[in-house]
Protein chains: 2
Amino acid sequence: MKSADIREALLAEIGAGKFAATGRLPSEAALCRRFGAARGTVREALAALVRAGLVAKRNGAGSFLTRMAQNRTGLIGLAIPDYDRYRFFATVRDRIEALARRAGFDVRLVTGGDLPHAARRLVSERAEGVIFRPLLARRGATANRAFAERLKSAGIPLVLLDQDIAAPPERSEYDLVAVNNVNAGRRIASHLLARGRRRVAFLMGPRTNGPNPNWENRLFGLTGELALRGVNQAVRILRFEPGNAAALRRAMLGPRRPDAIVCGNDENAVALLATLRGAGLRVPDDVALVGFDDLECARFCEVPLTTVRQPAQLIASAAIRMLLARIRNPESSPRETCLPAPLVVRDSTETQIPQRAATGAGNTSRNAGNPRSFSERTATEGETRQLAATDVQRNPRSSSGCQGSSMK
Amino acid sequence: MKSADIREALLAEIGAGKFAATGRLPSEAALCRRFGAARGTVREALAALVRAGLVAKRNGAGSFLTRMAQNRTGLIGLAIPDYDRYRFFATVRDRIEALARRAGFDVRLVTGGDLPHAARRLVSERAEGVIFRPLLARRGATANRAFAERLKSAGIPLVLLDQDIAAPPERSEYDLVAVNNVNAGRRIASHLLARGRRRVAFLMGPRTNGPNPNWENRLFGLTGELALRGVNQAVRILRFEPGNAAALRRAMLGPRRPDAIVCGNDENAVALLATLRGAGLRVPDDVALVGFDDLECARFCEVPLTTVRQPAQLIASAAIRMLLARIRNPESSPRETCLPAPLVVRDSTETQIPQRAATGAGNTSRNAGNPRSFSERTATEGETRQLAATDVQRNPRSSSGCQGSSMK
DNA sequence: CGCGAAAACCTGTCCAGACAGGTCTTGCGC
DNA sequence: GCGCAAGACCTGTCTGGACAGGTTTTCGCG
């Protein structure tokens, strides 16, 4: 067990940081003298460390610690300008850090809107790859591009999070990890249809906001699914701020007034909830309300919101996996990974419309007496055509027993 | 260069099948005698073969060929029931075989609609993974499921091609490689808008065909992009066979008659082209026509078709990559890769509508005199918001630069 | 002070021989 | 015919020594 002994001894010393100063191990001859072993034995021990990725040998020069073995681990950049706006990103960050550390990388988080500064910093710190959540199209299209180009010219691979830096339908040359927003929109449509809602609107915000590719895809799915299921009425696109009471009141007049409003995110949905209440409209009785992202506010606001959950774990692990693959192989063609996002059903859509029976399942009266008992659950059959494990997540708010017991 | 010589000599003999009978290599001592080398040298040569995965050593027993080294290489299944219906699949197959071979796998192609038989065969031949292009939803939903379950219970990983076996918006538990049909639809919409077409129809075929998830997504993108660009008129969904002249004539009457028809695939588009001609309608003057898939018939039919190309190389390499990753790591969560499909512009959309100017770029008159000179090219700016390298492919009609599908 | 050649150093590769311990076959005893 | 133990066989590991060729440092010359 001599070579193994030598290997363990060296391993311990590497772990203790003994060679960190120079990054250089003693020569094979020196190790022979020290351990009283033949050179072949020492070489076997070193070979094991090379296989483990801790040591790199250079012909004629000596044996050196790899970056992974030194405590100067590799660095990955995580650039999220909007980091402070959504707690959700903290979850993603935690997960990315955990996975990166396992692969021998530290994570440098850079936040705030100063993308040129962020790029300079990541380049100067020699990040080996960067995960980047771009700014929204109109706000940051050129800034996003410049950021990506800056890293590219420094030879640093980039993986985009949540959205591309090219405006769809185009694709940039960078890897992308995104949620399947079209399918999420379709799920919402199925769910609303099962609740008898047919006059669906999408709150896109004022035109000055500019395009939001993710919202567009959600809208496409919503519209498309409704049309396929035979809803003749087109989805109305509401073009005002969620706090604009006058515009909301106008929209809620007449026979075309929506019986369900889908918002691009939970913030808007919560704001709209307040405006609806101010206008004397009840959720979900007068109008159902659906958000996106499953922020905390969606769960704990006045009427808990039905929303689509961003799969933080999946996003993080897909991003890290993609980035590591890209670091290993910088030349392959750009990749796009698409993640499923589950619908989380809460109170804001849970009252059946009384005047017209649902087209799908006929469970109208069964739930009518006690809507609170269904305060949170995931989509069931009849709302969506089929149930897949990846698309359902448990999310108990109060108790766990209320879920699916009688619905299934 | 002695150990390298020995390694090469052994490699050649392995390649020639010399040890295939017993699967056993000569002992190290025997190799020493034969090559006149020291045992360390022989061991170094063998170690290289072990690292290459060709040889496995068993302590006390000897050195043996791995399965990969014997001509019994690993086996990957490629199950494409509709293989004979589209030449396109032959391109994908060639590419998959090339990539699989490089990883030490043979490919077993199983075609035809008898999925239970295909599953039995792949299980009995001990395929280590299967790439599967499912049958369309209504035709084969349960058959697809049964096929997947059969392989799953045999512990064989599965990667789906082109579409899921669960009906969207749901996702099955299997990996999926698909084209971004939504974005493809959006590209078509942009292109048609730039040509001044605003009354767009989608030929979905008769209702009895059942749902086609890919077509649905194409429709969603088409509809959504038009709506976003301010086209008030909804996309008409045509529900008849492409050969149904009477239904077509009815659809082409009145003020809402389409000035552009998008088909779910090129076969339908070519059939519709004939029907249009029979009805005395000219393409593209009276109505523009767009297909999908870029089959040969799209290029060489009477009026060459604008269509969306299936990126065969990308599809094949993504599928193989996913399957190998899944074989290595069977437990990770299901993945979905989304590929860009470029728009190939040919004659069938290349006449500008005269009565109304295009909303976007004003290149109305420039092309009018000589449309043939634009008989084939890819999307340009103004049609789509921005140009990305991945979404544009050159596709000369006459020369050989095109991808393998043309002459195969 | 700068530059280039020589020297020192280091790993890559190879040789010849040895013992430990796992695996397989043979043959003996029951 | 069966079971088991001995022995043959094989790889794993180690010793000690050698030369080739790449890398780094040193030192002397201009």
Side-chain angles (χ1 to χ4, degrees), chain A residues 1-15 17-70 72, chain B residues 1-15 17-70 72:
Chain A
M1 293 293 282
K2 197 146 190 182
S3 77
D5 292 340
I6 298 175
R7 168 163 48 81
E8 293 306 318
L10 290 176
L11 208 51
E13 294 185 357
I14 290 171
K18 188 158 182 183
F19 313 116
T22 63
R24 181 175 195 161
L25 271 70
S27 74
E28 293 179 352
L31 291 172
C32 290
R33 283 193 297 277
R34 179 178 149 196
F35 289 103
R39 191 157 155 245
T41 312
V42 168
R43 281 182 64 76
E44 179 54 37
L46 287 174
L49 296 177
V50 169
R51 278 194 298 273
L54 294 170
V55 168
K57 309 183 79 171
R58 276 163 50 205
N59 190 346
S63 304
F64 301 85
L65 293 181
T66 58
R67 187 213 56 234
M68 199 176 120
Q70 309 193 31
R72 276 196 67 257
Chain B
M1 292 294 279
K2 196 144 191 183
S3 77
D5 293 340
I6 298 175
R7 168 163 48 83
E8 293 307 317
L10 291 177
L11 209 51
E13 294 184 356
I14 290 171
K18 189 160 181 183
F19 313 116
T22 64
R24 179 175 196 160
L25 271 71
S27 75
E28 293 178 353
L31 291 172
C32 290
R33 282 193 299 276
R34 180 179 148 196
F35 289 104
R39 188 156 158 247
T41 312
V42 168
R43 281 182 63 76
E44 178 54 36
L46 287 175
L49 296 177
V50 169
R51 278 195 297 272
L54 294 169
V55 168
K57 310 182 79 172
R58 276 164 48 206
N59 190 347
S63 304
F64 301 84
L65 294 181
T66 58
R67 187 214 55 234
M68 198 175 121
Q70 309 193 31
R72 281 196 63 256

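In the text below, chain A, chain B and the rest are named by the order of the sequence lines, each starting its count at 1.
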Worksheet item: Does A:Ser3 use its side chain to pair, donor to acceptor, with the backbone of A:Glu44 at less than 3.5 Å?
Response: no
Worksheet item: Whole Å only: how far is the CG atom of A:Leu25 from the P atom of C:dT11?
Response: 9 Å
Worksheet entry | salt bridge (charged side-chain N to carboxylate O under 4.0 Å, His left out) involving A:Arg39 - partner list, sequence neighbours excluded | A:Glu28
Practice prompt. In plain terms, say whether A:Glu13 and A:Arg34 are close enough for a salt bridge, that is, a side-chain N and a carboxylate O under 4.0 Å apart.
Written response: yes
Worksheet, complete the sentence: To the nearest 0.5 Å, atom CG of A:Leu25 lies from atom CD1 of A:Ile14 at 5.5 Å
Worksheet item: What is the distance from CG of A:Leu46 to P of D:dC14, rounded to the nearest Å?
Response: 13 Å
Discussion item. I'd like to know if the side chain of A:Thr66 and the backbone of A:Leu54 have a donor-acceptor N/O pair within less than 3.5 Å.
Written reply: yes
Worksheet, complete the sentence: Between CD of A:Glu44 and C1' of C:dC14 the distance, given in whole Å, is 16 Å
Discussion item. Does a side-chain N or O of B:Thr41 approach OP1 or OP2 of C:dT13 to a distance below 4.0 Å, or not?
Written reply: no
Worksheet item: With respect to the phosphate group of D:dC10, does any side-chain polar atom (N or O) of B:Lys57 fall under 4.0 Å of OP1 or OP2?
Response: no
Discussion item. What is the separation between atom CG on B:Leu31 and atom C1' on C:dC14, rounded to the nearest whole Å?
Written reply: 16 Å
Discussion item. Ignoring hydrogens, what is the shortest heavy-atom contact between A:Ala45 and A:Arg7? Give both atom names and the distance.
Written reply: CB-N, 3.8 Å
Discussion item. How many whole angstroms separate atom CZ of A:Arg43 from atom C1' of C:dC14?
Written reply: 11 Å
Practice prompt. Check whether any side-chain heavy atom of A:Thr22 sits under 4.5 Å from a side-chain heavy atom of A:Leu65, and report yes or no.
Written response: no
Practice prompt. Starting from C1' on C:dT13, measure out to CZ on B:Phe35 and report it in whole angstrom.
Written response: 17 Å
Response to the item:
Contact string for nucleotides 16-25 of chain C, one letter per nucleotide 5' to 3', B = base within protein heavy-atom range under 4.0 Å, S = sugar-phosphate only, - = neither, reads B-B--BBSS-
Worksheet item: Under the 6.0 Å and 45° cation-pi test, does A:Arg58 pair with A:Phe64?
Response: yes
Practice prompt. Look at A:Ser63 and C:dT11 and indicate whether a side-chain polar atom (N or O) is within less than 4.0 Å of OP1 or OP2.
Written response: yes
Worksheet item: Which angle, rounded to 10°, do you find between the first-five-pair axis and the last-five-pair axis of the helix from C:dC1-D:dG30 to C:dC30-D:dG1?
Response: 0°
Worksheet item: Nearest-Å distance, CG (A:Leu49) to C1' (C:dT11)?
Response: 16 Å
Worksheet, complete the sentence: Between A:Leu10 and the options A:Leu31, A:Asp5, A:Val42, the side chain to side chain contact (heavy atoms under 4.5 Å, CB included) test singles out A:Leu31
